[in-house]
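Chain naming here is simple, since letters A, B, ... match the order of the sequence lines and numbering starts at 1 in each. Computed from a predicted model, the values in this text were never measured in an experiment. When reading the values below, keep in mind they use all heavy atoms of this one structure, side chains included, and skip hydrogens, waters and symmetry mates.
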There are 2 protein chains.
Amino acid sequence: MNLRDLRYLLAMAEHEHFGRAAKACGVSQPTLSVQLRKLEELLGVALFERSSRTATPTAACRRLLGHARAAVAETEAILAVARDLRDPLAGRFRLGIIPTLAPYLLPLVFAPLRDALPDLELEPWEDQTAALLDRLRAHELDAVLLATEVDGPDLASRPLFAEPFLAALPPDHPLVGHAVVAEADLARDILVLADGHCLRDQTLEACGRNGALGSALGGALRASSLPTLLNMVAAGYGTTLIPGLAAGAAQDAGIVLRPLAAQAGRTVRIAWRAHFPRRAAVEAVGDVLATRLRGFVQAMTA
Amino acid sequence: MNLRDLRYLLAMAEHEHFGRAAKACGVSQPTLSVQLRKLEELLGVALFERSSRTATPTAACRRLLGHARAAVAETEAILAVARDLRDPLAGRFRLGIIPTLAPYLLPLVFAPLRDALPDLELEPWEDQTAALLDRLRAHELDAVLLATEVDGPDLASRPLFAEPFLAALPPDHPLVGHAVVAEADLARDILVLADGHCLRDQTLEACGRNGALGSALGGALRASSLPTLLNMVAAGYGTTLIPGLAAGAAQDAGIVLRPLAAQAGRTVRIAWRAHFPRRAAVEAVGDVLATRLRGFVQAMTA
DNA sequence: ATGCTGTCATAGGCTGCATCTATCACGTTG
DNA sequence: CAACGTGATAGATGCAGCCTATGACAGCAT
């Protein structure tokens, strides 16, 4: 059985006339006659009572019509829904973002994203890098924003912008007197985030402390979030590096910021599954973020 | 668009694997690949995200699946209605039966069904109530036999016969001395089937133990089938209620049976989808069962 | 009666498309 | 690095739907 046959059936039921029904279907009269005959043979039921002047649907035909109409309607619904879904820049877009980036980036980009991609329903999801990549691979996210390279042939990524780190100092810290702080000078009393945050590893690497923490404070005080870490620095427990986008929040917490001598920083990337079909949406989101952040980062490093 | 394409789509959504979906459709893998690709082009939407190891449905695909299922179901309804119009009592009839009923009922009714409905190809399917209702709603069964009420406006049912429960006792059990056993007297050392069997709940309710099991044995020993439960009773682990039709099997296992004081029992019903077109077949099967079982149950309670 | 007209069925040829087998490309796995 | 599994691609083939042309038949007019 074929949907075409069902359309023929519906047309015949409406017109009760082979020639007119055929014209309504855009086929010749013999075509419709033959196909309906075949349908009758397939179903084993007479669908039309043919007389020389007219062809009327049988009772059996009327029993089937409702189902035929429903089947045709459902297929047309498929076409209609597909038409709505056709735009890759429309629909839900689940974007994972690492916790040291999300709260500072999102306020900057929500409005530009809504302007550039009004039909994209952005659903941010905040988690650490490893969890984000798991969810990305599990098709639970469409793309992720992170600050590390991604590897594996199943994923692809693209850099969006470079985000410089800044030295975060308690107001009464000796280094406050310097206009520029050398990364290595922070190593002595550096504080870092808990395991799993990429910022932790990057901070330690930039300051030359890529092994275990020597400071007793670093072991005892575990900052599980960047705001907590900022509070700890502000309270004088030590120093740290913060990502540039968090500068405002750091200053609000009463922290003194200084640029870094070696200009340590991180590159924020957008990553996606290599075979993700809505590549256009990924690129569009990436373009908006890169454009929005370009000026911001330039201003910060100037 | 073609119904065939929709079937391919459904198979792919189910298997998430081109080769297996193709086999399920009875076509070669390239055929299914090409046709699905064409469908994607027609709809203008990516339906599957292909990676080297797997192909997962996209969000768009999932939005379309319901309509596709409905369209296919309607065309199959057309075939079913046609068959019904030709001869409602012919063709395949997939009948779900709960496990505590099937092995004891089927031997009794196979011959009468074949005599009364020689053209009906009965395909029994044994599973627990919830699974049966799922399959019934999914059009994978035509009707089900169960021992509970069904609810929901999409289903209908009809009682066929009342099946009394019997007390099942180990031969050396103190209650063996009684000609009639009170349900409540069994509560102390009652054994029941694993979760999911309606007989479990009905047994507990009849014996006034509708909460958690007090018996240590009830918790430790889990009978996943009625024959196993019978063996456990025969071995002296405890007592239970069995459905009347299983009396023969119970006695074969060396169990002593006694009628129940309050005549606890269950009502076996046949249930079907409210819009199932072959209602006549359901009624005919129901009539045969009810007729065959009427005498049997009367003899048992006499 | 006998054409004439309208209707549906039939015949024969053409075309397109779904299908197959064979093969390639590629990533995973041992 | 070789073997395997998976999906994509290419070329050949056959069936099915389509068309035009024509037939069969009934009603209707002259």
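Among residue pairs with one or both ends in residues 275-285 of chain A, those qualifying as salt bridge (charged side-chain N to carboxylate O under 4.0 Å, His left out) are Arg158(A)-Glu283(A), Arg279(A)-Glu283(A); sequence neighbours excluded. Residue pairs meeting the salt bridge (charged side-chain N to carboxylate O under 4.0 Å, His left out) criterion with at least one partner in residues 93-118 of chain A, sequence neighbours excluded, are Arg94(A)-Asp142(A). Within the structure, salt bridge (charged side-chain N to carboxylate O under 4.0 Å, His left out) contacts touching residues 117-135 of chain A (residues at least two apart or in different chains) are Arg92(A)-Glu123(A), Arg135(A)-Glu140(A).
Residues passing the side-chain contact (heavy atoms from CB on, under 4.5 Å) test with Ala262(A), sequence neighbours excluded: Glu183(A). Annotation: salt bridge (charged side-chain N to carboxylate O under 4.0 Å, His left out) contacts of Arg37(A) (sequence neighbours excluded): Glu40(A).
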Show which side-chain atoms of residues 11-23 of chain B pair as donor or acceptor with protein atoms under 3.5 Å away, not counting sequence neighbours.
{"from": "His15(B)", "atom 1": "ND1", "to": "Ala11(B)", "atom 2": "O", "distance (Å)": "3.0"}
{"from": "His17(B)", "atom 1": "ND1", "to": "Gly19(B)", "atom 2": "N", "distance (Å)": "3.1"}
{"from": "His17(B)", "atom 1": "ND1", "to": "Arg20(B)", "atom 2": "N", "distance (Å)": "3.0"}

Give every donor-acceptor pair under 3.5 Å between a side-chain atom in residues 60-79 of chain A and any protein atom, sequence neighbours left out.
{"from": "Arg62(A)", "atom 1": "NH1", "to": "Pro57(A)", "atom 2": "O", "distance (Å)": "3.3"}
{"from": "His67(A)", "atom 1": "ND1", "to": "Glu74(B)", "atom 2": "OE1", "distance (Å)": "2.7"}
{"from": "Glu74(A)", "atom 1": "OE1", "to": "His67(B)", "atom 2": "ND1", "distance (Å)": "2.8"}
{"from": "Thr75(A)", "atom 1": "OG1", "to": "Val72(A)", "atom 2": "O", "distance (Å)": "2.7"}
{"from": "Glu76(A)", "atom 1": "OE2", "to": "Arg7(A)", "atom 2": "NH1", "distance (Å)": "3.4"}

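Remark: nothing in residues 269-283 of chain A comes within less than 4.0 Å of DNA chain D through any heavy atom.
Residues Arg86(A) and Gly44(B) come closest through the heavy atom pair CG-O, 3.4 Å.
At the phosphate of dC18(D), neither OP1 nor OP2 sits under 4.0 Å from any side-chain N or O atom of Ser28(A). Phosphate contact (OP1/OP2 of dC18(D), side-chain N/O of Arg4(A), threshold under 4.0 Å): present. Look at Lys38(A) and you won't find any side-chain N or O under 4.0 angstrom from OP1 or OP2 of dA16(D).
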Mark up nucleotides 4-11 of chain D, 5' to 3', with B wherever a protein heavy atom is under 4.0 angstrom from a base atom, S wherever such an atom reaches only the sugar-phosphate, and - elsewhere. --SBBB--

